[in-house]
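First the structure, in the form of structure tokens, and then the observations on it.
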Amino acid sequence: MILVKVYVTLKDSVVDVQGEAVKDAIHSMNYKDVLDVRIGKYFEIKFDDRSNNLKSEIDSICDDLLANPNIESYRYEIVEAN
């Protein structure tokens, strides 16, 4: 089995309102050294070992479903799973 860890985040050019709210909350807790917080989404997708077009399939799933290409970017890690 292959485990794919997908991280979806807002592009740097997009204002992260949730991240700003969390940063403000952290500052109110007196952690003044925190400079920035960005909020994102995390997905774990398990594939069969026999998948021949793994990267192509992952890109397609991310582009068509998991990320909004207008405002979000994604990256992923492919790891072996037991």
Side-chain angles (χ1 to χ4, degrees):
M1 181 181 334
I2 297 170
L3 173 64
V4 179
K5 299 177 178 182
V6 179
Y7 306 88
V8 178
T9 56
L10 290 171
K11 292 181 178 177
D12 289 340
S13 60
V14 176
V15 175
D16 185 346
V17 176
Q18 283 185 303
E20 287 296 316
V22 171
K23 183 180 77 177
D24 290 346
I26 291 171
H27 285 170
S28 73
M29 297 168 64
N30 257 351
Y31 296 103
K32 303 296 185 188
D33 294 338
V34 174
L35 298 178
D36 194 21
V37 176
R38 303 288 288 177
I39 303 291
K41 297 179 275 188
Y42 171 72
F43 301 90
E44 288 186 350
I45 306 171
K46 293 179 181 172
F47 284 84
D48 190 306
D49 287 334
R50 295 172 290 174
S51 181
N52 292 328
N53 300 315
L54 184 62
K55 290 185 177 183
S56 172
E57 291 178 4
I58 296 167
D59 285 331
S60 179
I61 291 169
C62 290
D63 289 335
D64 296 342
L65 180 67
L66 302 182
N68 178 342
N70 294 318
I71 61 170
E72 296 174 318
S73 59
Y74 65 86
R75 65 181 175 81
Y76 55 83
E77 300 171 19
I78 300 172
V79 297
E80 297 289 326
N82 294 326

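For the numbers below, each heavy atom of this structure counts, side chains included, while hydrogens, waters and symmetry mates do not. Just so it is clear, the model here is predicted, and its values are computed rather than measured.
Atom CD1 of Ile58 and atom OG of Ser56 lie 9.5 Å apart (nearest 0.5 Å). Here SG of Cys62 is found 13.0 Å from CG of Asn68. Values are rounded to the nearest 0.5 Å. For the atom pair Ile39 CD1 and Leu10 CG, the distance stands at 9.0 Å (nearest 0.5 Å). For the atom pair CG (Leu65) and CZ (Phe43), the distance works out to 7.5 Å, reported to the nearest 0.5 Å. The CD atom of Glu57 sits 8.5 Å away from the CG atom of Asn52 when rounded to the nearest 0.5 Å. Between the NZ atom in Lys11 and the CG atom in Asn70 there is a gap of 6.5 Å [rounded to 0.5 Å].
Annotation for Asp36 and Glu20: closest pair OD1-OE2, 4.1 Å, computed over non-hydrogen atoms. Across all their heavy atoms, Asp49 and Met1 have their closest contact at OD1-N, 2.6 Å. For the residue pair Ser28 and Ala25, the shortest heavy atom distance occurs at OG-O, 2.6 Å. Among all heavy-atom pairs drawn from Lys46 and Leu3, the shortest one is CG-CD1, 3.9 Å. Taking all atoms of both residues into account, the shortest heavy-atom contact from Ile2 to Asp48 is CD1-O, 4.2 Å. Of all heavy-atom pairs between Glu44 and Tyr42, the closest is OE2-OH, 2.7 Å.
Counted within 6.0 Å of CD on Gln18, heavy atoms from surrounding residues, nucleotides or ligands total 12 or fewer; the atom is thus considered open. Atom OH of Tyr31 has 12 or fewer neighbouring heavy atoms from other residues, nucleotides or ligands inside a 6.0 Å radius. In this structure, Lys32 places its NZ atom where more than 12 heavy-atom neighbours from other residues, nucleotides or ligands lie under 6.0 Å away. No more than 12 heavy atoms of other residues, nucleotides or ligands shown are found within 6.0 angstrom of CG on Asp12. Within a 6.0 Å radius of CG in Asp64, other residues, nucleotides and ligands contribute more than 12 heavy atoms. Within 6.0 Å of NZ on Lys55 lie no more than 12 heavy atoms contributed by other residues, nucleotides or ligands.
Placement of Ile78 and Tyr7 in two distinct hydrophobic clusters is found when ILVMFWY residues are connected by side-chain heavy-atom separations under 4.5 Å, directly or transitively. Both Val34 and Met29 are members of a single hydrophobic cluster when ILVMFWY side chains are connected at heavy-atom separations under 4.5 Å.
When atom types are taken as modelled, the side chain of Lys41 and the backbone of Leu66 share a donor-acceptor pair closer than 3.5 angstrom.
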